[in-house]
Amino acid sequence: MDKKQIAKTLEAIADMMEIRGENPFKCIAHRNAARTLETTEGSLEELIESGRLRELKGIGESIANKIIEMYRTDRSTTYEELRAEIPEGVLEMLTLTGVGPKKAKALWEQLGIKSIGELEYACNENRLVTLPGFGQKTQEKILQAIAFQKKQAGRFLCNVAWEAATVLLDHLRKHKEVIRSEIGGSLRRRRETIGDIDLLASSDAPEALMKHFIKSPGIAEVLAHGATKSSVRMEQGIQVDLRIITDEEFPFALNYFTGSKDHNTALRGRAKKMGFKLNEYGLFHGASERSEKCRDETAIYKRLGLDYIEPELREVMGEIEAAENGTLPHLVEEKDIKGLVHVHSTDSDGVLSVEQVAKAAQKRGYEYVALCDHSKSAAYAHGLSPERVRAQHKAIDKLNKSAPGIRILKGMEVDILGDGSLDFEDKILATFEVVVASIHSRFNLSREEQTKRLLRAVANPHVHMIGHPTGRLLLSRDGYDVDLDALIDAAARHHKIIELNAHPFRLDLDWRYCIRAQRKGVLVSINPDAHSEADMDYVRYGVGIARKGWCEPSGVANAAPLDKFLRLLKK
DNA sequence: GCCGTTTTCGGCCCGACTGTTTTCAGTCG
């Protein structure tokens, strides 16, 4: 097993131990070890062979032995023993909001429920209400959680899809018979979640290329295999379709399979009005059977009297009118981002020290990095007390003096408390250069109360930006109920920035509201919410969403160089 | 199960909410 698989197994062991009711700290120890393992750089083999595994924080004798067993034999005795006792479906029940180890255990032992399917049936039969500790409300909440999960089933976070697609595309491009190849579909449009992946390639030898494709790394199953279309399922479960066409057809097919469906419909309608027929094979004038020659998508749009529309904009949000009038935005790109804002260190719940954060950000070419650890109320994340804030500031001053090649900004992700006040008094808030105010508690306030709470935080003169404005976790939890239009209006009034949290779980601000924010002159800041070095690369997904949100570099606060960024904050 | 400048045992993150209870257990962040 590799590091990732071992970490996953340790998590499963912890889950099962919890269901068995073992010492909760023992369970936590396994979870900590899993987290440490996942975030440790370097090869596991080296760690094991050099005997340095035990030096990692949270890995002692017992867990080290488990890790070594898994690494050497691909098995875990502990895991197998627990699994023999606890059915997999019982473990899956833990993924439902509101079902923890105790409830799962009660459902399994007292009602004999061994899967989410059985659980849903039992709820509909009204069988949960009689169970001690359960009641009508619990049953309703569980049904809701099951419904939510069903609705999300078969969808994937964009980073999962992106990584799978990149592997396939790299493999495809190694073959000599491929002329052009691209990712299409919702992934190319940079949607926040992805159902399946569409790949397109042009070739004069489609059979040979297809044969090569179905041997790509990471494929779990070949679902269909033809000369022009093949479908595979990747190990992650995501389905991928590859279509191979001629190189003349390529731009038309790419356009067609990129969508969105509504964008395509609008384009086809426009083409028809102009006496053309547009489909995935070409653009045909009148009754002609020969397509107009278009070398690329730009040429297709041009032939239809339009500026080139970037894939991210193809959602029928006014892009066709703008392309007609020459008013399309010049979308922000990843290389425009000058500073990394909202990064956590080991001082709260990150895995990098302040110095390592600075080094990693500098390595990525950023001019500045704003450390934004949690505030004191976020006890679950080891939030900083005022004393620890002062210590961190001292450390930052010292690092900045040592000329690290990057400016480290003193930032804070301060909790917005239930009433909209902040977790630090003004005197302390004034010592930070960047204050991101976020909600981490009391998600179920009414829309009115939640909005009022956020507006109060926006109005605080020490707050520079509002973090992950809805608190949603894609595919697992809806955001809290808040009037985002009111938030955007308030941000405009107070010259505040709204975070576009780039973490693939969040991508919050939603791009639909990002469009509204841009039109009202509200800047966004594309923040990775990084807890490790790898997380820093989440900026790319945030940029995707910003592009969907019609953002130009001038609409993105951290696309500004350091001095301008600091001026923006002061405003 | 892990850890240790209060060190080999005893603490480990903790407060708030929800729904179940009639004083609290379970879940969450």
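Residue numbers begin at 1 in each chain, while the letters A, B, ... track the order of the sequences. Computed from a predicted structure; not experimentally measured.
Side-chain to base pairing of A/Asn23 with B/dG1: one donor and one acceptor N or O lie within less than 3.5 Å of each other.
In this structure, CD1 of A/Ile28 is placed 11 Å from C1' of B/dC14, rounded to the nearest angstrom.
For A/His30, counting side-chain heavy atoms from C-beta on, the closest listed nucleotide (B/dG1, B/dG26, B/dT20) is B/dG1. Proximity note for A/Arg477 (side chain, C-beta onward) versus B/dG29, B/dC2, B/dG26: the nearest is B/dG29. The nucleotide whose nearest atom lies closest to any side-chain atom of A/Arg442 is, among B/dG1, B/dC17, B/dT20, B/dC17. Comparing B/dG19, B/dT27, B/dG1 by their closest approach to the side chain of A/Ala29 singles out B/dG1. The nucleotide whose nearest atom lies closest to any side-chain atom of A/Lys141 is, among B/dC28, B/dG26, B/dG19, B/dG19. When distances are taken from the side chain of A/Pro101 to each of B/dT27, B/dG19, B/dG1, the shortest belongs to B/dT27. The side chain of A/Phe25 approaches B/dC12 more closely than any other nucleotide in the set B/dT27, B/dC12, B/dG19. Side-chain proximity of A/Lys103 to B/dG26, B/dG1, B/dG29: nearest is B/dG26.
Under the 6.0 Å distance and 45° angle rule, A/Arg364 does not count as a cation-pi partner of A/Tyr366. Both tests do not hold together for A/Arg190 against A/Trp511: distance to the six-membered ring centre under 6.0 Å, angle to the ring axis within 45°.
A/Leu56 comes within 4.0 angstrom of the backbone, heavy atoms only, and of no base.
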Just list the side-chain donor-acceptor pairs under 3.5 Å for residues 89-97 of chain A, sequence neighbours left out, or say none.
| residue | atom | partner | partner atom | Å |
| --- | --- | --- | --- | --- |
| A/Thr95 | OG1 | A/Glu92 | O | 2.5 |
| A/Thr95 | OG1 | A/Gln149 | NE2 | 2.9 |

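Comparing B/dG15 with B/dC9, their C1' atoms sit 27 Å apart, to the nearest whole Å.
In summary, the side chains of A/Ser375 and A/Glu413 do not present any donor paired with an acceptor at a separation below 3.5 Å, with no hydrogens or angles considered.
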